[in-house]
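For this chain, numbers begin at 1 and follow the sequence in order.
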Amino acid sequence: MSTRRVILDGLRVQASIGMLDHERRAAQPLTIRAEFDTDASQPVDDADIGTVLDYRLLRAALIDEVSRAHTDLLETLVDRVLARILRDFPGVLGVKIRLCKPQAFDDCTVCIEQSRRR
């Protein structure tokens, strides 16, 4: 099977994430890299967005899921995002999500990356 990968890279979202008191009080930025594998064996109709995976909808789902409610752990949030994508987008064969907290430390960014396939 031929596959196509759609990548959203550098998506910035404000999220309520973290276990520390100051993280519970204020949203902080997250950056997201998301990769979506789809079946590329079907022909693409240039005049019909329905023949491809609409990345506008993927972006909206990512933003909604990460900003929906407070989450203590990045690992929990990554798992929730993976489940949402596979539930809401049947055309996605596999997905890899990387969530990063650029302000977790002064000297580095913390990221969690996980993937899942159907």
Check: [Y] main-chain N/O paired with [X] side-chain donor or acceptor under 3.5 Å:
X	Y	result
Thr38	Arg4	yes
Thr3	Asp39	no
Gln28	Ile17	yes

Transitively linked via ILVMFWY side-chain contacts under 4.5 Å: [X] with [Y]?
X	Y	answer
Ile85	Val52	no
Leu8	Ile49	no
Ile32	Leu57	yes
Leu58	Leu11	yes
Leu73	Val81	no

Yes or no on side-chain contact (heavy atoms from CB on, under 4.5 Å) for Leu30 and Val66, after CA distance, side-chain angles and deciding distance? CA-CA 9 Å; Leu30 290 184; Val66 221; 3.5 Å; yes

Quick check for you: to the nearest 0.5 Å, what is the distance between Ile63 atom CD1 and Arg12 atom CZ?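 CZ of Arg12 is found 10.5 Å from CD1 of Ile63.
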
Identify, with sequence neighbours excluded, every residue that meets side-chain hydrogen bond (donor to acceptor under 3.5 Å, both in side chains) alongside Asp72.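 Once residues adjacent in sequence are excluded, the partners of Asp72 under the side-chain hydrogen bond (donor to acceptor under 3.5 Å, both in side chains) criterion are Arg24, His70.
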
Tell me, yes or no, whether the heavy-atom count around Asp46 atom CG, taken from other residues, nucleotides or ligands under 6.0 Å, exceeds 12.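 No, not enclosed.
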
Heavy-atom closest contact ([X] atom, [Y] atom, distance):
X	Y	answer
Gly18	Lys101	CA-NZ, 4.2 Å
Pro90	Asp88	CD-O, 3.5 Å
Pro102	Pro29	CD-O, 3.3 Å

Show every donor-acceptor pair shorter than 3.5 Å between a side-chain atom in residues 108-118 and any protein atom, with sequence neighbours excluded, or say none if there are none.
{"from": "Glu113", "atom 1": "OE1", "to": "Arg98", "atom 2": "NE", "distance (Å)": "3.0"}
{"from": "Glu113", "atom 1": "OE1", "to": "Arg98", "atom 2": "NH2", "distance (Å)": "3.1"}
{"from": "Arg116", "atom 1": "NH2", "to": "Asp79", "atom 2": "OD1", "distance (Å)": "2.2"}
{"from": "Arg117", "atom 1": "NH1", "to": "Asp37", "atom 2": "OD2", "distance (Å)": "3.2"}
{"from": "Arg118", "atom 1": "NE", "to": "Val92", "atom 2": "O", "distance (Å)": "2.6"}
{"from": "Arg118", "atom 1": "NH1", "to": "Leu86", "atom 2": "O", "distance (Å)": "3.1"}
{"from": "Arg118", "atom 1": "NH2", "to": "Leu86", "atom 2": "O", "distance (Å)": "2.7"}
{"from": "Arg118", "atom 1": "NH2", "to": "Phe89", "atom 2": "O", "distance (Å)": "2.7"}
{"from": "Arg118", "atom 1": "NH2", "to": "Val92", "atom 2": "O", "distance (Å)": "3.4"}

Go through the structure and list residues passing salt bridge (Lys or Arg N to Asp or Glu O under 4.0 Å) with [X], not counting sequence neighbours.
X	result
Glu65	Arg68, Arg80, Arg84
Asp21	none
Arg56	Asp54

Under the 4.5 Å side-chain heavy-atom rule for ILVMFWY, direct or indirect, which residues accompany Met1?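 Its cluster mates, by chain and number, are Leu93.
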
Checking Arg33 against Glu35 for the salt bridge (Lys or Arg N to Asp or Glu O under 4.0 Å) test, could you report, in this order, the C-alpha distance in whole Å, the side-chain angles of both residues, the deciding distance, and whether it holds? CA-CA 7 Å; Arg33 177 180 173 93; Glu35 300 179 15; 3.0 Å; yes

Walk me through whether Ile97 and Leu99 qualify under side-chain contact (heavy atoms from CB on, under 4.5 Å). CA-CA 6 Å; Ile97 301 291; Leu99 295 181; 4.0 Å; yes

